[in-house]
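These notes concern the structure reproduced below.
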Amino acid sequence: MTTAEIFDRGYRRFDGDRSGTLGAVRSLAWHSMRGILGLGRKARHKIFPIVVIVLAFLWPIIFIGLAALFPIDIFADELRPEYWELARFPLVVMAIMLFSAMVVPEALVRDRRNGMLPLYLSTPLTRATYLLGKVLAVMSCLAIVTVGPALLLLLGVTFEGEGPDGPLNWAKVAGQIFLAGTGMAAVFAAVGLAVSSLTDRRAFASVAVVLVLFGSGAIVAGLVEGAEMSENLRVFNVVDMGIEVAPRIFGAAEGEGERGPEASLSDSTYLAGVFGWVGVSAAVLWARYRRIGAV
Amino acid sequence: MSVIETTALTMQFGAQRALDALDLDVPSGVTGLVGANGAGKTTLMSIALGLRPQTAGAIRVLGLDPMRDGAELRSLVGYGPERNLLPEDMPAFDFVKHLSEVRGMPRVEARSRASDALWLVGLGEERFRALGTMSTGQRQRVKLAQAIAADPSVVLLDEPTDGLDPVQRDEMLNLIRQISEEYSIDVMLSSHLLEEVERVCDHIVALDAGVLVAQGSLADLIGDEDGITVELVEIDDHPDSVSEVATRLERAGLEVRVDRVTLQVIGPDRDQLLDLTRDAIADVGARVRRIVTRRRTLEDLFTKVPQ
């Protein structure tokens with residue numbers, strides 16, 4: 001004879017420690033990252049992030065592959081890009097811009113459209129810590145294409161015995177790569193999030209981010225090169241401000257490697273430009289979120 | 001300890017007073033927040049969650065100040081919003097698990113609690129279905145599941161039966177009752193339906209245009225029973241039979257209200273009421289359609305309030 005038993009787990013109290021604000025931010029950031037990258041979602045949500053990431057990594061992969069196949073000095077020396085130069089490569093720039101325009105809006109706009117924002121605000125998250133989680137998520141995703149390619153190049157040349165000399169130098173280069181990538185990610189995340197906070201339509205947000213990225217460049221080009229106004233106006237070109245983080249962190253000298261005209265800006269002017277973009281974006285974002293979302 | 005306690009709580013939106021100097025004391029159990037749409041129910045919940053500061057007055061929820069200790073308080077409070085807007089492509093399980101984590105549950109704990117909560121509300125088999133494919137009834141259950149999954153001390157449910165058919169409504173109300181009785185989670189639910197509040201709540205807070213109309217235990221407010229209702233039939237050759245019955249009962253010392261052929265007979269002892277009524281009807285020779293014991297409802301409470 002068999003005895004069947006229905007096992008009712010019922011409802012259990014929870015006596016452990018709750019993870020509080022920190023855990024809430026971590027969970028939100030992780031969940032948002034997964035959403036942005038399409039993890040745990042249908043295949044069609046994964047395609048775009050994968051394409052963008054492949055684009056960004058194409059160059060370092062090709063270079064490392066060639067260097068491995070043809071162990072001649074030309075790959076070790078002349079053809080090898082500087083770590084900071086990678087961020088200037090058109091494919092990488094394109095990847096960063098595509099991420100900012102197509103993927104960053106996803107992080108904010110969806111929550112406002114699908115009712116998650118009021119639910120989040122009913123948890124330990126506040127408007128400020130909610131935005132913190134989103135900024136972390138977006139920056140982490142952008143870091144894949146800002147830190148990733150240079151890091152891959154570093155690992156590749158290290159395995160081929162052409163890396164920086166000694167662990168200290170290696171750590172220094174790795175640190176610079178992280179810092180530069182984080183800086184770039186911060187600029188593009190700030191602009192992307194600020195623009196996305198202004199509309200509830202993801203498509204509008206994407207178009208608006210593209211307009212800001214390309215528009216700021218076109219206007220600056222018109223003013224500086226067309227109307228021959230001050231070179232300092234280049235601070236209004238947000239893409240150049242973002243990309244320029246890398247050579248500045250690596251302390252690249254002017255004229256060294258492939259750099260844009262923004263290399264001529266003084267450090268203080270450049271810093272003012274970068275912090276201006278991040279600051280204004282943060283102000284827009286906060287002004288929008290300070291009021292919306294209450295139940 | 002009171003679950004929610006307010007003194008002179010006032011909320012002003014521009015020229016409109018959403019909450020007018022409310023002195024509330026909400027004890028443990030299931031509390032119904034009743035009032036018409038726009039009475040201030042959602043505003044009160046949002047202040048209780050610390051999502052907006054009150055204009056004046058004070059509020060304490062679980063002994064905490066919602067504005068100052070908001071994060072701590074909200075990890076102990078489950079909230080089910082009124083709107084049925086949910087992420088369409090997210091499976092119910094992911095949704096409940098994620099919100100439990102955000103409310104402070106460790107990851108493994110959040111997984112098992114999300115499952116348990118969804119089984120509890122009757123969606124165990126459907127827990128991996130996308131929210132977008134779920135009916136209104138199922139969405140209401142998902143909202144309840146996420147509100148209770150992180151083991152809150154109190155849950156605030158805004159119109160939890162909105163959009164449900166009578167059967168689903170019953171099931172939802174039973175679930176809420178169960179959550180309170182078996183798991184000792186205090187519940188405050190808002191509703192514009194007196195009848196459902198009457199069925200499930202221990203306590204009532206009734207608002208009208210931001211003004212407190214009544215608060216207290218259900219028993220105190222509507223009483224256990226309050227007399228009997230007698231419905232007679234008009235007899236053509238005995239047109240005074242209804243009023244004669246009424247007169248006899250009044251002479252016996254009872255309070256009688258007459259509305260055409262219906263008599264409300266009010267007095268302290270129900271057995272005595274029934275006996276006296278039976279005798280009066282028999283003596284007069286009146287004809288009875290029905291005799292029922294009368295229970296006051298919240299409806300009476302609201303209609304008694306001077307507008």
Side-chain angles (χ1 to χ4, degrees), chain A residues 6-35 38-45 106 109-130 132-133 200 290-295, chain B residues 42-43 45-46 49-52 70-91 94-95 97-107 109-110 112-113 115-117 119-120 130-132 143 146-148 150-152 156 158 178-179 182-185:
Chain A
I6 294 174
F7 192 65
D8 182 13
R9 297 180 67 182
Y11 189 85
R12 292 163 297 125
R13 307 301 314 201
F14 175 74
D15 298 323
D17 287 333
R18 287 167 199 267
S19 56
T21 297
L22 202 70
V25 171
R26 191 178 52 212
S27 172
L28 172 69
W30 177 241
H31 180 81
S32 305
M33 255 188 91
R34 285 175 53 86
L39 304 176
R41 298 175 68 192
K42 291 208 177 74
R44 65 189 153 92
H45 297 290
E106 183 88 9
V109 176
R110 251 158 57 95
D111 284 353
R112 294 210 303 276
R113 284 177 69 82
N114 66 15
M116 281 307 276
L117 183 57
L119 271 172
Y120 279 134
L121 294 179
S122 77
T123 70
L125 292 169
T126 62
R127 288 172 179 81
T129 49
Y130 168 82
L132 175 66
D200 278 352
R290 206 161 53 91
R291 299 209 158 271
I292 65 172
V295 233
Chain B
T42 301
T43 305
M45 286 197 176
S46 110
L49 282 165
L51 299 180
R52 53 170 101 246
E72 186 191 349
L73 171 65
R74 288 192 298 269
S75 68
L76 302 172
V77 179
Y79 168 67
E82 179 179 5
R83 291 171 79 190
N84 262 329
L85 193 60
L86 299 171
E88 297 280 303
D89 58 354
M90 201 189 283
D94 292 8
F95 175 74
K97 181 187 71 140
H98 175 51
L99 282 167
S100 303
E101 273 181 31
V102 176
R103 291 203 172 96
M105 291 294 118
R107 187 167 292 183
E109 186 74 19
S112 68
R113 299 192 73 92
S115 262
D116 291 353
W119 276 106
L120 186 76
L131 294 169
K143 287 195 296 184
Q146 64 81 27
I148 60 171
D151 189 23
L156 305 180
D158 204 349
Q178 188 186 356
I179 287 163
E182 291 178 29
Y183 316 132
S184 46
I185 297 172

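Throughout, protein chains are lettered first and strands after them, A, B, ... in sequence-line order, and every chain is numbered starting at 1.
- More than 12 heavy atoms of other residues, nucleotides or ligands shown are found within 6.0 angstrom of CG on A:L39.
- At a cut-off of 3.5 Å, with distance as the only test, a side-chain donor of B:R103 or A:S122 sits close to an acceptor on the other residue.
- Here the straight-line distance linking atom CZ of B:R74 with atom OG1 of A:T126 works out to 7.0 Å at 0.5 Å rounding.
- Under the 3.5 Å distance criterion, the side-chain polar atoms of A:R13 are matched with a main-chain donor or acceptor of B:Y183.
- Taking CZ from A:R26 and CZ from B:R107, the interatomic distance works out to 7.5 Å, rounded to the nearest 0.5 Å.
- Considering only heavy atoms from C-beta on, B:V102 stays 4.5 Å or farther from A:H31 through its side chain.
- Annotation for A:P124 and B:A71: closest pair O-CB, 3.4 Å, computed over non-hydrogen atoms.
- Put simply, of B:L156, B:I179, B:I148, the one with the most heavy-atom pairs under 4.5 Å next to chain A is B:I148.
- The distance from atom CG of B:L99 to atom CE of A:M116, rounded to the nearest 0.5 Å, is 4.5 Å.
- No part of B:E72 comes within reach of chain A, as not one of its non-hydrogen atoms sits under 4.5 angstrom from that chain.
- Contact count versus chain A (heavy atoms, under 4.5 Å) is highest, among B:D94, B:N84, B:D89, for B:D89.
- For the residue pair A:L119 and B:F95, the shortest heavy atom distance occurs at CD1-CZ, 3.5 Å.
- Taking CG of B:L86 as the reference point, atom CG of A:N114 lies at 8.0 Å (rounded to 0.5 Å).
- Here the CZ atom belonging to B:R52 is positioned 11.0 Å from the CG atom belonging to A:L121, to the nearest 0.5 angstrom.
- Heavy-atom distances place no part of A:D111 under 4.5 Å from chain B, backbone and side chain included.
- The backbone N or O of B:A150 lies less than 3.5 Å from a partner atom in the side chain of A:R18, making a donor-acceptor pair.
- Put simply, NE2 on B:H98 and CG on A:L28 are 5.5 Å apart, with the number rounded to the nearest 0.5 Å.
- Highest contact tally toward chain A, considering only B:E109, B:M45, B:E182, is held by B:E109 [criterion: heavy-atom pairs under 4.5 Å].
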